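All figures in this text were calculated on a predicted structure; none of them were measured in a lab. Sequence lines set the chain letters: A, B, ... in the order given, protein chains first and strands last, and positions in each chain run from 1.
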Amino acid sequence: MTILRRTISRRAFTAGSAGTLALGAPLLSRPALAQAEPLRIGWLAALTGPSSAPAVGFNRGVVYAVEAINAGGGVKGRKIELVTRDTQGDPTKAVNATQEMISAAKVHAIWGPTNSGEALATTPIMARFKMPNLHPCVVNSLIDTAKYPNAFRMAPSNSQWDDAVRGYVLKIVKAKKVAVIGDTTGYGTTAAGDSVTAFKKDGADVVYTAQIDSTQPDMMPDMLRMKNAGAEAIVMWSVSTGMAARMFNARAALNWDVPFVGHPSLGSGEVAGLIEKPANWEKVYVINYRSCSFDAAGKLPTRTQEFLDKSKGKIDLTNTLLWWVASGVDVIEIFAKAVTETGSSNSEDIIKFLNAQTKYPGLFGTYTWNTGEHNGFPTEEIVMGAANSSKDGALKLAPGY
Amino acid sequence: MPTLAPEIPIPGTSPQVLLDVQSVEAGYGKIGVLHGVSITVYAGEVVSLLGPNGAGKTTLLRAISGLLPLTGGRLRFDARDITGSGPRETARAGLVHVIEGHRVFTQQTIADNMLLAGYDVPRRERALRIEQALAYFPEIASRLQVLGGALSGGQQQMLVVAQGLVRRPRLLMLDEPSAGLAPVLVDRVLDVIGELKQQGTAILLVEQLVEKAISRSDRVYAITRGRIVLEAAAATPDLPRRLEHAYFGHTDAAIPPAV
Amino acid sequence: MTVETTTSVTGLRNRPFGAARSERWSQLAPYAALAAIAAVLPWIGNEYWAVIGTRAAIYWVLVAGLNLIVGFAGQLAIGYVALLTLGAYTTSVLVAGNVIPAVPLPLAFGAATVIGAVFGLVVGLPALRLRTFYFAMSTLGFATIVTQIALAWKSVTGGGIGIVAPEFPAPFNTPWGFYGFCLIVAAIATWMSANVAHSRFGRALVAIRDAEVAAEANGISKVQFLVPVFLLGGAMAGIAGGLFATLQTYVTPDAFTFDLSVLFFIAILIGGRGSILGPLLGTILLTILPEFAAPLAAWSTFLYAVLLLVIVLAVPGGIADLIDFKNRRPLTDAREIQPQPALLSRVIARQPGSQPLSLRNVVLAFGGVRALDGLDLDVQPGRVHGLIGPNGSGKTTALNVISGYYAPQNGSVALGGATLELGHPESRASHGIARTFQTPRIVGEASVLENVMIGATVTGRATFLETLLALPRRATDERVLKAKATAALTAVGLETLADIRANRLQHSELRFVEIARALMLSPAFLLLDEPAAGLSADEIDRLGSLITEISRQGTGVLLVEHHADLIFAICERVTVLNLGRVLAEGAAAEIRVHKEVVSAYLGA
Amino acid sequence: MDFGATLLPILASGLAVGAIYALIGVTYNTMYSTSRVMSFTSGQLGMLGGVLGSLFILRLGMPLIVGFVLTIMACAIVGVVTEFIAVRPVLKSLDQHLYVLSTLALALMIQQFTAIEWSTEPQPFPRLFGLGSGSFDEKFWLPVAACAFTIGALELMQRHTLVGRAFLAVSEDNFAARSLGLPERNLRIASYALAGAIGGLAGFAGGELMLAFFANGGQYNFYGFVPVALGGLGNNRGSIVGGLALGLFQQAANFLVGGVFASVAVFIAFIIVLLAAPQGLFGTSTARRV
């Protein structure tokens with residue numbers, strides 16, 4: 001409770017004035033009420049704005065889990081109180097909101113932010129205040145147990161995604177010649193660059209690489225050049241659904257059946273409306289997870305199926321991805337469990353709890369964190385899914401598994 | 001200044017007030033130009049509005065036609081209150097203002113310029129009215145497909161007067177129709193005033209060429225510094241001297257009472 | 001803000017000593033209050049407040065500079081976030097050492113300042129040539145380009161992953177420590193921008209904004225006055241960028257949204273153009289507001305836009321207008337302009353020169369119309385020379401040729417032996433040629449005194465840098481200019497209106513303000529374009545004696561006027577123009593009876 | 001260079017986006033002609049053409065023709081709203097350039113409202129006729145056809161209708177037009193409606209290519225202004241030439257050197273041309289100031 005204590009001491013220091021006395025009184029008496037004090041979880045969500053789709057999905061899981069736990073009596077008698085701030089994906093708003101959660105709302109743990117641009121800015125701030133933090137952002141450098149001992153990743157890192165995609169392309173599609181493209185956004189340029197390097201290191205022949213303006217109306221020239229270069233698979237790193245759809249349409253126009261492998265956005269529901277005909281979406285394989293994949297028999301893993309049955313009608317699974325919802329649920333449950341098990345909502349205790357998890361059976365994944373490794377998501381649970389097979393936000397496994 | 005009865009009875013008509021301007025004030029932004037101007041124009045007469053540069057002649061015409069909002073005073077035209085009317089309403093009412101500077105539409109032909117002048121005229125009548133208006137100016141009537149910008153200054157002036165006639169105005173206000181024209185053309189344009197008067201059109205003329213203006217007028221007003229300083233019949237014998245006095249002398253002093 | 005040197009100069013009563021001092025305090029009071037609030041914040045708020053306060057301070061560092069460009073000079077630079085981006089990347093890249101060996105933090109900030117200044121100039125330069133909307137668009141384009149380059153130039157900027165921002169050393173590495181640091185920078189920024197604003201530079205900028213033509217006649221060239229503020233605005237944005245990076249801890253291109261540009265821009269407009277306090281309050285307001293309106297986050301940009309529209313349509317003066325209580329007091333209606341020509345010697349104090357102003361064979365045609373058709377004209381120093389003629393005879397055109405607005409196709413304009421450059425109106429002030437305009441061109445939002453002070457902009461000695469740092473010469477300039485302006489206002493009879501905002505004056509008063517402004521140059525020649533238009537008979541009489549007295553001080557006056565009585569009452573010589581040529585020239589008495597002239601004047 | 005593989009696609013998409021930019025340029029010009037105001041809403045009208053087309057036809061399931069007419073009408077109304085809210089109140093003080101701010105505010109409002117109420121992701125635009133394929137697909141030639149239709153219709157209107165001549169008259173000499181009794185205010189409103197319809201048509205015709213995407217507004221705004229700046233303010237033919245040239249240049253740069261450099265190249269070219277010829281390449285000289 002370092003933060004709280006520090007505040008109290010300052011308030012005690014200025015308690016001479018009437019105004020601060022009045023303000024200070026409830027704060028001073030707070031420790032006595034600790035038992036009933038709600039467990040406050042900060043939720044840095046980009047709920048609106050251009051990159052809001054994931055946070056909207058996460059939010060459904062988060063709200064569901066909070067309601068479920070509170071309905072069941074809370075965490076050791078303490079209700080969970082969500083402190084949600086819509087950052088709109090803007091790092092400046094995220095920084096403000098983070099500081100507000102830490103200093104004004106006095107949350108016990110923070111979930112998010114949900115995209116890397118924001119997380120890069122908020123992570124050092126949370127570290128400064130030793131705030132327990134779970135986030136799903138992919139940028140590798142966000143996890144650094146020395147610099148940010150409080151930050152834990154509960155989704156794959158970029159290199160894990162990259163490994164999974166590369167593994168699928170090289171081992172299962174068995175492509176020798178690969179085209180790697182990204183859009184001109186920060187994420188697209190970086191991810192594509194890393195991907196090219198890794199492919200080359202693995203001895204693959206990267207026959208084409210390009211950063212493409214996602215607003216470019218016609219993708220035909222790039223597609224043609226990839227075809228002429230003899231690409232056997234196209235790896236695509238972009239969150240732009242418009243660009244993805246244009247690529248698929250151009251591929252169809254060329255009557256080319258090269259597979260696309262890449263970012264989950266290639267399988268976003270938005271793409272469905274933008275492709276000229278459903279067949280254009282065939283042979284597109286996107287990053288997905290074991291927990292959210294239908295096997296050959298069309299079945300989801302037991303744990304996931306149970307959750308779906310339990311939550312039926314309570315969570316809207318249309319136009320979102322199941323793994324977003326599932327990890328939203330996981331986060332709340334992990335924080336709740338931390339408090340239940342340690343009996344404390346101190347940041348040290350929550351961090352200590354997280355550092356002691358081995359194969360924590362989450363809905364989305366089996367997380368393992370320890371003091372030396374805060375990348376909690378197991379690479380082997382990352383699989384490719386068929387982009388056009390979405391049902392309840394889950395995908396069919398791509399061929400080859 | 002009290003409104004006076006027409007000094008020259010108009011033959012064959014009873015003197016009927018066509019335009020009645022009462023204590024009009026107007027200006028540009030903060031600059032007050034007209035300070036309580038009152039004039040009257042009777043049906044069918046030709047009135048000249050004279051005065052030095054900057055006296056407010058153009059401003060008065062603009063205020064009357066609604067191109068410039070009034071800041072005070074009343075306007076009546078043809079027994080109707082037109083205070084606050086815009087140029088479109090006044091033009092429709094038969095009060096047409098031909099602005100100074102022969103501003104024709106240079107990118108359009110004479111025919112199109114004339115059509116524009118008849119924008120509100122019923123379509124059936126338009127051609128006839130244009131033909132009648134152009135009849136006063138055979139010089140341009142024969143060159144209908146020439147662009148406005150290709151005309152000489154005099155022809156442009158004829159064109160804008162013809163534009164004004166398309167509406168068959170009861171009162172035509174002409175602002176310096178002679179400006180920038182060769183002397184021959186000046187007479188050509190001003191002579192049309194006489195023809196129009198024959199047709200019963202009243203004319204309010206602002207002109208720098210004082211003698212030419214007076215010779216074509218029934219009455220004159222002189223304005224300086226935004227005030228009417230003289231009203232007289234055009235036939236008043238010592239009119240030039242009195243005008244000079246009104247211009248150069250002090251405002252009210254030493255002007256003999258109007259006849 | 002100097003006090004009371006005016007009394008000694010004019011020898012007249014003026015505001016009592018104490019009144020000036022209390023006014024000065026009332027001007028500083030809001031800043032003191034803000035500083036007090038900022039100072040107690042650490043004792044009443046938490047670190048969240050520190051972050052918000054820091055953000056407001058940083059934004060203000062940028063806005064303080066931008067305010068001079070947008071609020072004062074009226075150049076609508078809407079893409080200024082680009083310079084914030086440049087500053088942020090410059091410090092981060094230099095401190096991180098990923099391109100060249102890491103440099104110390106102060107050096108990195110120095111570099112950000114320089115790069116900010118250079119690009120501030122690059123962004124601003126098109127304003128010297130382009131129309132408003134074009135300039136706005138080009139700054140917008142620049143903002144897009146900078147973000148795109150930040151994304152693409154991965155080896156330097158880290159691309160989309162970005163780059164770690166520099167951390168400040170203790171004691172500035174805590175939220176409150178950094179808050180304190182930014183507060184000090186913001187205070188310095190406020191001080192500097194106020195130094196510029198309340199100087200000949202600030203007044204010149206406002207003149208460029210609201211009365212560009214008059215600014216040129218007063219020798220204010222856009223290049224000379226806009227370039228330093230573009231540099232300053234860029235430098236301040238560069239520094240703000242560095243601080244912004246540290247506050248964010250990390251720099252990625254997506255932190256520099258167009259919304260931020262809009263915020264800066266709206267802060268200035270909400271605050272009010274030509275004010276410093278207003279935009280400061282606007283910046284604070286716009287930084288804090290979203291924090292209170294968290295549920296409206298999605299609509300924030302929309303609401304900013306609504307706010308902008310409402311401000312533009314309903315309160316174009318912004319906050320500054322709302323809190324300008326001084327100018328709410330009604331003016332007395334029964335006020336008279338009482339010039340005191342006897343005092344002119346204190347303003348002009350010119351040795352009667354002997355060099356005439358001469359036009360030789362000046363030809364100027366617009367399209368096919370020859371507005372001036374071989375005009376010859378000599379104006380003698382210390383004389384009043386009347387220029388009359390019918391409408392369109394070329395009087396005002398002649399004035400515009402002399403004052404450089406029109407470059408004639410042929411002929412020359414010379415002052416004594418020196419040929420004046422044709423065109424280039426901003427060069428005339430340095431030759432001692434001043435003028436007034438048919439429609440007074442006045443900065444409506446500035447006080448009467450400030451308007452008059454604009455007249456002597458070119459005579460100021462302090463450089464922009466000296467002004468910025470309030471070095472002694474700035475204070476001297478202000479003192480001298482203020483004293484002279486007060487004397488000029490007294491001479492034309494408007495000293496009681498010195499502190500009134502000029503747009504509250506009547507038309508006739510503005511004419512005299514223009515004359516006072518022209519007198520500030522102690523002109524060798526004064527060109528008056530219809531100064532009597534719109535004046536009452538009494539006022540014209542006073543104007544006449546004022547002009548006569550001006551000429552007695554050694555100034556040659558060229559008077560374009562329709563009021564014949566004024567012309568013949570005060571002119572020694574009169575030139576009559578017709579169709580761009582001289583119809584007659586001679587002593588006033590001759591001209592008055594000249595038959596041809598009389599009829600020409602009446603319209604022959 | 002391989003014609004089929006590179007040149008043809010560059011031509012197809014270059015002319016297509018160029019035609020959209022050109023039409024947005026005409027939108028700017030049409031508003032400017034009667035009011036001397038350049039409006040930031042021009043590009044947003046193009047964006048709305050795409051979004052509303054998609055809304056009416058795909059989301060609300062209206063027949064093509066109904067959706068098209070409604071889209072154009074709605075955009076015309078937005079044009080008129082621009083005139084009422086952002087132009088008329090500041091018309092008296094044109095020299096203060098308040099219109100830059102008022103139209104910017106309205107443009108931001110339109111864009112933000114669309115982002116929130118429609119989507120921040122590009123949404124599908126209906127396939128209108130299903131004609132053509134490859135580089136000859138309707139999505140490439142529809143904007144060009146719309147552009148040709150618009151310029152033709154405008155020329156016809158100006159040459160052969162009285163209203164068209166009245167537009168020209170107001171645009172050449174507003175004061176003289178008023179003195180003739182032309183309904184200058186109504187003509188101005190009409191020109192904003194017309195501009196709205198042209199912008200809407202640009203967005204609708206380009207919908208298949210550019211999709212129904214809120215961020216298109218900003219793009220159109222800038223890239224639609226470039227042809228105006230190049231072609232000279234108020235010069236529709238200049239805008240068309242400038243727009244098509246810009247589209248070709250941009251797409252060629254896009255395909256040959258890549259996205260970022262393409263926008264940098266366009267921007268630099270824009271600035272250089274403007275600084276060298278502030279009146280545009282086909283523009284005329286400035287008016288008197290004193």
Trainee: Hey, could you give me the OG1/CZ distance between C/Thr301 and D/Phe113, rounded to the nearest 0.5 Å?
Mentor: 15.0 Å

Trainee: Run D/Ile116 and C/Trp299 through side-chain contact (heavy atoms from CB on, under 4.5 Å) and show every step you take.
Mentor: CA-CA 8 Å; D/Ile116 295 167; C/Trp299 290 89; 3.6 Å; yes

Trainee: Less than 4.5 Å to any heavy atom of chain D: does that hold for the side chain of C/Ile311, its backbone, both, or neither?
Mentor: neither

Trainee: Kindly compute the distance separating CE (D/Met38) from CE (C/Met137), expressed to the nearest 0.5 Å.
Mentor: 9.5 Å

Trainee: Do C/Pro126 and D/Leu275 make a side-chain contact, defined as non-hydrogen atoms from C-beta onward lying under 4.5 Å apart?
Mentor: yes

Trainee: For D/Arg185, is the CZ atom crowded, meaning more than 12 foreign heavy atoms sit under 6.0 Å from it?
Mentor: no

Trainee: Can you tell me which portion of C/Val310 sits under 4.5 Å from chain D's heavy atoms? Options are side chain, backbone, both or neither.
Mentor: neither

Trainee: Does a side-chain heavy-atom distance below 4.5 Å link D/Leu101 with C/Phe265?
Mentor: yes

Trainee: Which answer fits C/Leu125, side chain, backbone, both or neither, if we ask what part of it has an atom under 4.5 Å from a heavy atom of chain D?
Mentor: neither

Trainee: What's the spacing between D/Asn221 CG and C/Leu140 CG if we round to 0.5 Å?
Mentor: 8.0 Å

Trainee: Go through the atoms of C/Leu76 and report whether side chain, backbone, both or neither lie under 4.5 Å from a heavy atom of chain D.
Mentor: side chain

Trainee: State, to 0.1 Å, how close C/Leu313 and D/Ile85 come at their nearest heavy-atom pair, and which atoms those are.
Mentor: CD1-O, 3.4 Å

Trainee: Return the minimal non-hydrogen interatomic distance between C/Tyr134 and D/Val228, and the atom names on each side.
Mentor: OH-O, 4.4 Å

Trainee: Atom CZ of residue position C/Phe135 - does it have more than 12 heavy atoms of other residues, nucleotides or ligands inside 6.0 Å?
Mentor: yes

Trainee: Name the option with the most non-hydrogen atom pairs under 4.5 Å to chain D; the candidates are C/Arg129, C/Arg209, C/Gln438.
Mentor: C/Arg129

Trainee: Most heavy-atom pairs under 4.5 angstrom with chain C, which of D/Ala115, D/Ala107, D/Ser102?
Mentor: D/Ser102

Trainee: What part of D/Glu117 lies closer than 4.5 angstrom to a heavy atom of chain C: side chain, backbone, both or neither?
Mentor: side chain

Trainee: Out of curiosity, C/Phe142 CZ to D/Ile271 CD1, how far, rounded to the nearest 0.5 Å?
Mentor: 9.5 Å

Trainee: Quick one: closest heavy-atom pair of C/Gly141 and D/Phe267, and the distance?
Mentor: C-CE1, 3.4 Å

Trainee: Roughly how far, to the nearest 0.5 Å, is CD1 of C/Ile145 from CD1 of D/Ile268?
Mentor: 7.5 Å

Trainee: So how far is it from D/Leu108 CG to C/Asp259 CG, rounded to the nearest 0.5 Å?
Mentor: 8.0 Å

Trainee: Check each atom of D/Phe222 against the heavy atoms of chain C and say whether the ones under 4.5 Å are side chain, backbone, both or neither.
Mentor: both

Trainee: Look at the aromatic rings of D/Tyr28 and C/Phe133 and report parallel, tilted or perpendicular, splitting at 30° and 60°.
Mentor: perpendicular

Trainee: Which atom names give the shortest non-hydrogen contact between D/Met109 and C/Ala305, and what distance separates them?
Mentor: CG-CB, 3.4 Å

